[in-house]
Amino acid sequence: MQRIYDTRAGKKVDLVLREPGKVGMYVCGVTVYDLCHVGHARTLVAFDVIVRHLRARGLEVRLVRNITDVDDKIIRKGNAEGRPAAEVAECYADAMSTDMAALGIAAPDVEPRATQHIADMIEVIRRLEARDLAYPAEGDVYYSVAGFPSYGALSGQSIDDLQAGARIEVGEHKKSPLDFALWKRAKPGEPAWESPWGPGRPGWHIECSAMSHRYLGDSFDIHGGGSDLIFPHHENEIAQSEGAFGSFAHYWMHSGMVNFGGEKMSKSLGNVVTIRRVAETHDLEALRLLLISVHYRSPANFTIARDGAGLAVYPDLDEAEARLDYFYRTLERLDAFLAPLAPPPAAPPPSDLATNVGAAMDDDFNSAAAIGHLYDAFVLANKLLDDPKAMPKPERQKALAAIARDARAVGATLGIMLRPPAEFLLSRRDRLCVRRTIDRAVVEARIIDRTAARKAKEFARADEIRAELKASGVELMDTPTGTAWRVAG
RNA sequence: GGCGACGUACCCAAGUGGUUAAGGGGGAGGUCUGCAAAACCUCUAUUCAGCGGUUCGAAUCCGCUCGUCGCCUCCA
């Protein structure tokens, strides 16, 4: 049984689907007014892993993830850059798709854009109006929170609590401070659409109610997003959707924020690291590993330090990449061992790895625990690989084959270890060479010199070369098949 | 001020009522090696912010104190 933490219930509950075997899921995507940062990556990776696990369990998941392509910040950016808001949105939507693909995030089944569903939003607002949950005011349309008594249930606040701190901004025409805009009247220089209330554009929250309804129906199983969306965004979605259609999401899942220097990483705080910035110096798979090494609901750290030259460096990412290196090296060893052997007559039974990771992921998608189990399996694999006499030959082969198979299955669920090991390993080495200004040809030449010295038993000279390369960051590994080298992580 | 989390070793981080408190990093020894690296082995929290309480039994439940963070305004 799959357990999931439901924000509204405030605890882990059994996932009971509306239709057995099928999951309808809506995840709030991004507002495309700038490049995506590590915080976006966190949320989207978290839900990617959740979807991957549900699918691995045989469930048919329909994932809808929206793109908000009309909003104040997009408009402001367009004005600042002297180009239409739609062009700004298009540009960053493309960038987002590229970055998500680079992070190995599976594309959603449906990726609706707000501006393509204006008619659906108008329809939802009309329904709300018909039920006295919406009222027009000077070309705007507001949601009347007073008509929705359970407002605040998701975030655990009462209408009274909320009322205390709420305010009406200048230029708004709300009847009550908690009311929020469903439709905003057109202002000069802003994109606008025709509506029964005159030209204007949608409020932020209405698009998710309209698009989730269009693609998932009156109700669906899971609604997800970053925890910063709980209030007011998701609270407002509930008010809109339940108000208009009577029902909505059955389970609410929220991923934790990424902290940097003890503060949330966000565009408004100006402390963002974009995904592209990370990709300049690291393998994005390392970012993925770093993000899933923490439970999805907990805050994740992303440490930024300065090197001697004052350039930003990311120690947590370095470590994650080194760990990924270990995973891939172990896989490479497993492959090398298993490749020449005839496959076992019968498929080996699931390893402890498969069992333990399955249990961890069934328990509210505990990817951090799953990674712990991955280490256990890889330590065992290396031990068996190192010691041919560890167990009888057929058993040893079976155990290693099971780990290799199950590790890749775990990788498929977590979205890591999906490449041929050599591809990762060599690309990482090349990247580290660039970072440390190491010339591969020089290294290769010195290795040839050293091999000659070793053949001649001139060990002092051989050690001199080893030390010289070591000083530049290159580590030599003498193996039965020759000398390999790596760059110290 | 309101609401909600969190505080586990030098660092990161699982565990949320019951065998020896996962795992990783770092550190200290060791096996292997001409020397190394890698890999592997051993050690590194009688204890889970503090203080009370419930219980046969708590890191896990309750209360208080201290500390940190998030939301309450755009936010993944």
Side-chain angles (χ1 to χ4, degrees), chain A residues 7 10-12 27-31 33 36-47 68 71-73 76 152 155-158 160-167 169 178 204 224-233 235 254-259 262-269 272 289-290 293-295 297-301 303 315-316 318-320 322-323 325-326 329-330 333 356 360 363 366-376 378-387 390 454 457-460 462-464 466-467 469-470 474-479 483-486 488:
Chain A
T7 303
K11 61 184 180 188
K12 282 189 215 171
V27 174
C28 287
V30 306
T31 300
Y33 74 99
C36 287
H37 56 69
V38 172
H40 296 109
R42 209 281 164 102
T43 297
L44 295 177
V45 165
F47 285 99
T68 300
D71 143 283
D72 288 349
K73 281 178 299 231
R76 212 176 302 139
S155 55
Q157 299 176 99
S158 69
D160 288 345
D161 291 340
L162 291 164
Q163 213 108 35
R167 271 200 204 152
E169 301 277 323
L178 288 182
W204 172 36
S227 62
D228 54 348
L229 298 184
I230 294 172
F231 190 92
H233 185 54
E235 205 73 76
H254 292 96
S255 58
M257 299 289 100
V258 174
N259 289 147
E263 270 184 328
K264 188 176 90 166
M265 179 179 293
S266 83
K267 288 172 186 172
S268 49
L269 290 174
V272 304
L289 178 61
L290 175 63
S293 295
V294 182
H295 185 89
R297 278 188 282 115
S298 303
N301 302 310
T303 308
D316 294 337
D318 288 339
E319 185 188 321
R323 292 294 85 202
D325 197 89
Y326 168 79
R329 269 186 285 120
T330 303
R333 290 189 75 190
N356 291 337
D363 185 13
N366 194 336
S367 58
I371 288 166
H373 294 124
L374 205 50
Y375 281 107
D376 291 339
F378 278 4
V379 167
L380 174 62
N382 277 309
K383 202 183 306 186
L384 292 179
L385 254 5
D386 280 345
D387 182 6
R454 291 179 70 212
K457 302 276 183 206
E458 294 170 23
F459 291 121
D463 289 349
E464 205 173 286
R466 173 190 291 288
L469 288 173
K470 174 85 181 172
V474 173
E475 284 174 350
L476 301 184
M477 292 117 86
D478 294 326
T479 74
T483 298
W485 64 279
R486 64 199 294 273

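We name chains A, B, ... by the order of the sequence lines, and we start the count at 1 in each one.
Among the atoms of the strands shown, only primed sugar atoms or phosphate atoms (P, OP1, OP2) are found under 4.0 Å from some heavy atom of A:Gly29. If you check every strand for non-hydrogen atoms under 4.0 Å, A:Val379 touches sugar and phosphate atoms only. Nucleic acid contact class of A:Phe231 (heavy atoms, under 4.0 Å, all strands): sugar-phosphate only. As judged by a 4.0 angstrom heavy-atom cut-off over every strand, A:Ser227 is placed among residues making no nucleic acid contact. Within the nucleic acid shown, A:Arg466 comes within 4.0 Å of at least one base atom, counting heavy atoms only. Within 4.0 Å of A:Leu476, counting heavy atoms only, lies at least one base atom of the nucleic acid. At the heavy-atom level, A:His233 lies nowhere under 4.0 Å from the strands shown. Heavy atoms of A:Asp71 sit nowhere under 4.0 angstrom from any nucleic acid atom. Among the heavy atoms of the strands lying under 4.0 Å from A:Glu475 are primed sugar atoms or P, OP1, OP2 only; no base atom is included.
Rounded to an integer number of Å, the gap from A:Asp363 CG to B:G15 C1' is 10 Å. Rounded to whole Å, atom P of B:G7 lies 12 Å from atom CZ of A:Arg297. Rounded to whole Å, atom C1' of B:G4 lies 14 Å from atom CG of A:Asp228. Atom CZ in A:Phe459 sits roughly 13 Å away from atom P in B:A36 (whole-Å rounding). The distance between atom CG of A:Leu289 and atom C1' of B:G25, rounded to the nearest whole Å, is 13 Å. Atom CG in A:Asp160 sits about 11 Å away from atom C1' in B:G2, given to the nearest Å. Counting to the nearest Å, the P atom of B:A37 and the OH atom of A:Tyr326 are 17 Å from each other. Atoms CG (A:Asn356) and C1' (B:A22) sit 10 Å apart, rounded to a whole Å.
Nucleotide B:U20 forms a pair with no other nucleotide shown, judged by Watson-Crick or G-U wobble geometry with both contacts under 3.5 Å. Under the Watson-Crick or G-U wobble criterion, with both distances below 3.5 Å, B:C35 has no partner in any strand shown. Across all strands shown, B:C66 is found opposite B:G7 as a Watson-Crick or G-U wobble partner, with both distances under 3.5 Å. Of all nucleotides present, only B:C72 satisfies the Watson-Crick or G-U wobble test against B:G1, with each distance under 3.5 Å. Pairing for B:C40 goes to B:G30, judged as Watson-Crick or G-U wobble with the two contacts each under 3.5 Å. Nucleotide B:A59 is matched to nothing when pairs are restricted to Watson-Crick or G-U wobble geometry with both distances under 3.5 angstrom. With a cut-off of 3.5 Å on both pairing distances, B:U47 has no Watson-Crick or G-U wobble partner at all.
A:Arg42 contributes no side-chain N or O that forms a donor-acceptor pair with the base of B:A76 under 3.5 Å. Below the 3.5 angstrom threshold, one finds a donor paired with an acceptor across the side chain of A:Arg454 and the base of B:G34. Residue A:Asp463 places a side-chain atom within donor-acceptor reach of the base of B:G34, judged by atom type and a 3.5 Å distance cut-off alone. For A:Glu319 against B:G25, no side-chain N or O and base N or O form a donor-acceptor pair under 3.5 Å. Between the base of B:C35 and the side chain of A:Asp478 there is a donor-acceptor pair shorter than 3.5 Å.
Candidate nucleotides B:A37, B:G23, B:A13 were compared by shortest atom distance to the side chain of A:Ala368, and B:A13 ranks first. Distances were taken from every side-chain heavy atom of A:Lys383 (C-beta onward) to each of B:C41, B:C72, B:A76; the shortest belongs to B:C41. Checking B:A13, B:G24, B:A39 against every side-chain atom of A:Arg323, the shortest atom distance belongs to B:G24. The side chain of A:Asn366 lies closest to B:G15, out of B:A13, B:G15, B:C40.
Looking only at distances, no side-chain donor or acceptor of A:Arg454 sits under 3.5 Å from a matching main-chain atom of A:Ala462.
Judged by the 6.0 Å distance and 45° axis criteria, A:Arg329 is not positioned over the aromatic ring of A:Tyr326.
A distance of 7.0 Å separates NE2 in A:His254 from CZ in A:Phe47, rounded to the nearest 0.5 Å.
For A:His373 and A:Gln157, each mapped to the nucleotide of RNA chain B holding its nearest heavy atom, the one lying further toward the 5' end belongs to A:Gln157.
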Applying side chain to side chain contact (heavy atoms under 4.5 Å, CB included) to A:Val294 and A:Arg42, what does each step give before you reach the verdict? CA-CA 10 Å; A:Val294 182; A:Arg42 209 281 164 102; 4.0 Å; yes
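Of all the heavy atoms in A:Thr43 and A:Gly226, the pair that sits closest is CG2-N, 3.9 Å. Summarising the geometry of A:Gly152 relative to A:Leu162, their closest heavy-atom pair is CA-CD1, 4.4 Å, with the distance given to 0.1 Å.
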